[in-house]
Amino acid sequence: MESMVRPPNGFLSAMAADDYELIRAHLRTVDLPHEAVLVETGEILKRAYFPHRGVISLVVNLAKGEHVQVAMIGRDSLLGAHSAMGEAPALNTAIVLVAGAASVLDLDQLRAAADQSASLRTLLVRHGLAVYAQVQQTAGCNASHPVESRLSRCLLQTHDLSGDVRLLLTQEALAQMIGARRNSVSLVANTLQHANYIHYSRGHIQINNLDGLRQTACECYATVKMQYERLLGPP
């Protein structure tokens, strides 16, 4: 019922009451352990994930073994919007970047609900477009902007999606997030720490100054937020 408290996820909160009733009984809650692989490139995703907290990283694997993040999904959206519109191999690998918890739903059940509801199909398309917009912006950002701006952008996005100022992110994970080498990440992280924007030690990041990071980040952070709000409404 509409009066029942829904799980703390933006997609589930945005669903119309009748649409939510189509899936409510099938939702269950699971942990999202750090570095858990939810689907590999080329596999068929079986479940949709609606994070309550934590962040899922969408990663492309390159021929020489490099891994580059192309988008992140957190408490504002879902993993599986594209797959809910029709079974297809995953275009990238989905890995838990920040541990948390999520509601999960078999994709067959989500597809069945979408078949019954035009408004649910529209919501799925909008969330899929929002993630695609993030992928496009990330590609342009990694190709054009300095490492410091890219790292600030990613830290801000991770904070927004997880709701936490304390993050567990290794240098390898940070390098993967912004498409840079680990030594470059180390130098830039030290610069941000000297400015007291963050405190970084052994993979533990404490964000001390969000406004400082916003000033350091490139325009891509604000652009992605604007695109999400245009497609999905205010957070």
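Remark: Phe11 engages Phe50, His127 in a ring-ring contact (aromatic ring centres under 6.0 Å, His included) (not counting sequence neighbours). Residues meeting the salt bridge (Lys or Arg N to Asp or Glu O under 4.0 Å) test with Arg230, sequence neighbours left out: none.
Looking only at distances, a side-chain donor or acceptor of Arg150 sits under 3.5 Å from a matching main-chain atom of Ile178. A donor-acceptor pair under 3.5 Å is absent between the side-chain atoms of Arg182 and the main chain of Gln171, judged by distance alone. Within the 3.5 Å criterion, the main-chain N or O of Ala173 finds a donor-acceptor partner in the side chain of Thr170. A donor-acceptor contact shorter than 3.5 Å is absent between the side chain of Ser77 and the backbone of Ile73. Arg153 places no side-chain N or O within 3.5 Å of a backbone atom of Glu148 that could act as its donor or acceptor partner. Judged by distance alone, the side chain of Arg111 and the main-chain N or O of Ser83 form a donor-acceptor pair under 3.5 Å.
Between the side chains of His52 and Asn9, no donor N or O sits under 3.5 Å from an acceptor N or O. For the residue pair Asp18/Ser117, the side-chain donor-acceptor check at 3.5 Å is not satisfied. Asn92 and Thr41 share no side-chain donor-acceptor pair at under 3.5 Å. Side chain to side chain, Gln176 and His67 fail the donor-acceptor criterion of an N or O pair below 3.5 Å.
No option in Leu213, Asn196, Val165 other than Asn196 meets the side-chain contact (heavy atoms from CB on, under 4.5 Å) test with Asn208. Of the candidates Leu210, Ile207, Asp211, Asn209, Asn209 is the only one forming a side-chain contact (heavy atoms from CB on, under 4.5 Å) with Tyr197.
Note that CD of Gln69 and CD1 of Ile95 are 9.5 Å apart. Values are rounded to the nearest 0.5 Å.
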Asp106/Arg28 under salt bridge (Lys or Arg N to Asp or Glu O under 4.0 Å): CA gap, chis, key distance, verdict: CA-CA 10 Å; Asp106 289 345; Arg28 56 197 187 278; 3.4 Å; yes
Side chain to side chain donor-acceptor pair (under 3.5 Å) between Tyr228 and Gln134, intermediate numbers included: CA-CA 9 Å; Tyr228 266 63; Gln134 187 187 162; 3.0 Å; yes
Trace of the salt bridge (Lys or Arg N to Asp or Glu O under 4.0 Å) decision for Asp160 with Arg75: CA-CA 9 Å; Asp160 290 349; Arg75 56 185 178 162; over 6 Å; no
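The heavy-atom pair separating Gly179 from Asn142 by the smallest distance is N-ND2, 4.3 Å. Taking each heavy atom of Leu107 and Ala48 in turn, the nearest pair found is CG-N, 3.8 Å. Smallest separation of non-hydrogen atoms from Cys220 and Gln137: SG-NE2, 3.2 Å. Nearest heavy atom pair, residue Ser149 against residue Cys218, reads CB-N, 3.7 Å.
Checked for salt-bridge contact, Asp164 and Arg53 miss the test: no charged N lies under 4.0 Å from a carboxylate O.
The side-chain heavy atoms of Met85 and Leu124, taken from C-beta on, include a pair separated by under 4.5 Å. The shortest distance between side-chain heavy atoms of Leu79 and Leu45 falls below 4.5 Å.
Cation-pi geometry between Arg214 and Tyr221 is not met at under 6.0 angstrom from the ring centre and within 45 degrees of the axis.
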